[in-house]
There are 2 protein chains.
Amino acid sequence: MLKLSKKVEYGLIAVRHIASLNNQISTVKEISEKYTIPSDVLAKVMQRLTKGKLISSHQGAMGGYTLARRAEEISVMDVIAVIEGTQVGIAQCFSEEPQNCSIFHNCTIKNPLGKIQHNLELVFNSMKVSEIV
Amino acid sequence: MLKLSKKVEYGLIAVRHIASLNNQISTVKEISEKYTIPSDVLAKVMQRLTKGKLISSHQGAMGGYTLARRAEEISVMDVIAVIEGTQVGIAQCFSEEPQNCSIFHNCTIKNPLGKIQHNLELVFNSMKVSEIV
DNA sequence: ATGAAATAGGACTACGCAAGTCGTATTTGC
DNA sequence: GCAAATACGACTTGCGTAGTCCTATTTCAT
Ligand code: SF4
Ligand code: SF4
């Protein structure tokens, strides 16, 4: 409960790695070996980060990935949001249709939880990749 | 990912309910019907809250539950910690033996994540039941 | 041109946890 | 003694996470 997925952790490690090398091009093989991450899993993480425009891919031999923005402009929240396609919410009614929760109408805690959700987002938004290199 | 469990939500609803009734004794049946919560599930949640000394149980006919502390002294974090027996951690290495994570030794993000973890705890600790009645 | 190095992406499996159900025992007020 | 309530363990089901496997595509270097 409340745990980040491994994919997100891998994504953060990868993005931080590229940033720490001053945005030098890096490959999946290089990163997966250095940090002992299953390369297939990391590959798909990188593909999502590419689709989310946080990094840029360079296909073919001598290819790899570079950052698509400055490290100061990539937050932990960005990485989470891109890797988890869905909306991140501390409760069901924040991440999907509120009606999906059978007790939505007489739920007495959704407003307080909304406040907490907002504060959590502030925390994740405020930490940038540039701070963790 | 990052979602509270239903048990925690049920626990918060129940604790808030009792608090809103000015600590009048309340039963599982009463709460489960009012909020459409499966009574068996709620029952076990209440038992955990009792073991965690957040509420007090009164067995037998005319029994039920009351708060064991003032609503100002029960935080959302307390409820989470008691219902989830385990340590709540944003990453594996915070909730179990660090060695369990195969990449612990060369993990470059555990310190930053630790900082985030700390901030999240502040958020959950600062919201008290008395604020959500 | 050809082959090697790299990204792109779908299909599938295995495992663990969340949520709920069921059955039974125990306590206690009337 | 009966009914209302808590206590608690065993079980099922479904879903999400993590990982594996396989194939296609792109592009550089020889
Ligand atoms: S409505 Fe209440 S119970 Fe349903 S998801 Fe939102 S917060 Fe949780
Ligand atoms: S060590 Fe790094 S990767 Fe392993 S759990 Fe802690 S943070 Fe996540």
Side-chain angles (χ1 to χ4, degrees), chain A residues 1-11 13-14 18 25-33 36-52 55-66 68 80 83-92 95-96 100-103, chain B residues 1-11 13-14 18 25-33 35-52 55-66 68 80 83-86 88-92 95-96 100-103:
Chain A
M1 208 207 72
L2 281 177
K3 205 172 295 179
L4 294 173
S5 72
K6 283 294 178 192
K7 285 183 187 172
V8 166
E9 294 194 327
Y10 297 159
I13 289 174
I18 301 175
I25 195 165
S26 309
T27 70
V28 165
K29 186 165 188 291
E30 166 191 341
I31 299 177
S32 73
E33 283 175 355
T36 340
I37 297 172
S39 58
D40 284 333
V41 177
L42 180 61
K44 278 210 273 279
V45 168
M46 300 303 267
Q47 286 162 22
R48 292 205 207 176
L49 290 173
T50 304
K51 275 200 170 179
I55 62 180
S56 308
S57 76
H58 307 274
Q59 290 197 341
M62 296 283 100
Y65 296 95
T66 53
I80 294 175
I83 292 182
E84 311 286 325
T86 70
Q87 179 75 11
V88 279
I90 199 185
Q92 190 185 18
S95 52
E96 27 181 309
N100 285 9
C101 179
S102 55
I103 73 181
Chain B
M1 209 206 75
L2 282 178
K3 206 171 294 180
L4 294 173
S5 71
K6 284 294 178 191
K7 286 183 188 173
V8 167
E9 294 194 327
Y10 297 159
I13 290 174
I18 301 175
I25 194 166
S26 309
T27 69
V28 165
K29 187 164 187 291
E30 166 191 341
I31 299 177
S32 74
E33 283 175 354
Y35 303 101
T36 339
I37 298 172
S39 58
D40 285 335
V41 177
L42 180 60
K44 279 211 271 279
V45 167
M46 300 304 266
Q47 288 161 23
R48 291 205 205 175
L49 290 173
T50 304
K51 276 200 170 178
I55 63 180
S56 309
S57 76
H58 307 273
Q59 289 195 343
M62 295 283 101
Y65 296 94
T66 53
I80 294 175
I83 292 182
E84 310 287 323
T86 70
V88 279
I90 200 185
Q92 190 183 20
S95 52
E96 29 180 310
N100 286 9
C101 178
S102 56
I103 73 180

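This structure is a prediction, so every number in the text was calculated from the model and none was measured. Numbers restart at 1 for each chain; the letters A, B, ... are given by sequence-line order, proteins then strands.
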State which of C/dG20, C/dA18, C/dA8 makes the closest approach to the side chain of A/Ser57.
-> C/dA8
To the nearest angstrom, how far is B/Lys44 atom NZ from C/dT21 atom P?
-> 11 Å
Taking N and O atoms by type only, does the side chain of A/Lys51 place a donor or acceptor under 3.5 Å from a partner on the base of C/dG9?
-> no
Starting at the 5' end of DNA chain D, which residue's closest nucleotide do you reach first, B/Gln47 or A/Ser39?
-> B/Gln47
Length of the CG-P vector between B/Asp40 and C/dA25, whole Å | 16 Å
What integer distance in Å separates A/Ile55:CD1 from C/dT7:C1'?
-> 11 Å
Measure from CE on A/Met46 to C1' on C/dT7 and round the result to the nearest Å.
-> 10 Å
Measure the CG-CE distance between A/Leu2 and B/Met1 for me, rounded to the nearest 0.5 Å.
-> 9.5 Å
Please report, rounded to the nearest Å, how far the C1' atom of C/dG20 is from the CD1 atom of A/Ile103.
-> 14 Å
Leading and trailing nucleotides of DNA chain D with any atom under 4.0 Å from heavy atoms of chain A | D/dA18 to D/dC28
Assert: residue with more 5' nearest nucleotide on DNA chain C, out of B/Leu4 and A/Ala43, is A/Ala43
CD (A/Glu33) and OG1 (A/Thr27) are apart, to the nearest 0.5 Å, by 8.0 Å
Measure across A/Lys3 and B/Ser95 and return the closest heavy-atom pair with its distance rounded to 0.1 Å.
-> NZ-OG, 3.4 Å
May I have the distance from B/Leu42 (atom CG) to C/dA18 (atom P), rounded to whole angstrom?
-> 18 Å
Just wondering, more than 12 heavy atoms not from B/Lys7 lying within 6.0 Å of its NZ?
-> no
Comparing B/Gly64 and A/Tyr10 on DNA chain D - which has the more 5′ nearest nucleotide | B/Gly64
Gap between atoms CG and P, on B/Asn100 and C/dG16 respectively (whole Å) = 13 Å
B/Gln59 CD to C/dT26 P, straight-line distance once rounded to whole Å = 11 Å
Nearest-0.5 Å distance that lies between atom OG in B/Ser32 and atom CD1 in B/Ile13 | 11.5 Å
Quick one: are A/Lys44 and A/Gln47 in side-chain contact, heavy atoms under 4.5 Å?
-> yes
Measure the OG1-CD1 distance between B/Thr66 and B/Ile25 for me, rounded to the nearest 0.5 Å.
-> 6.0 Å
Kindly say if A/Thr27 contacts the phosphate of C/dT7, meaning a side-chain N or O under 4.0 Å from OP1 or OP2.
-> no
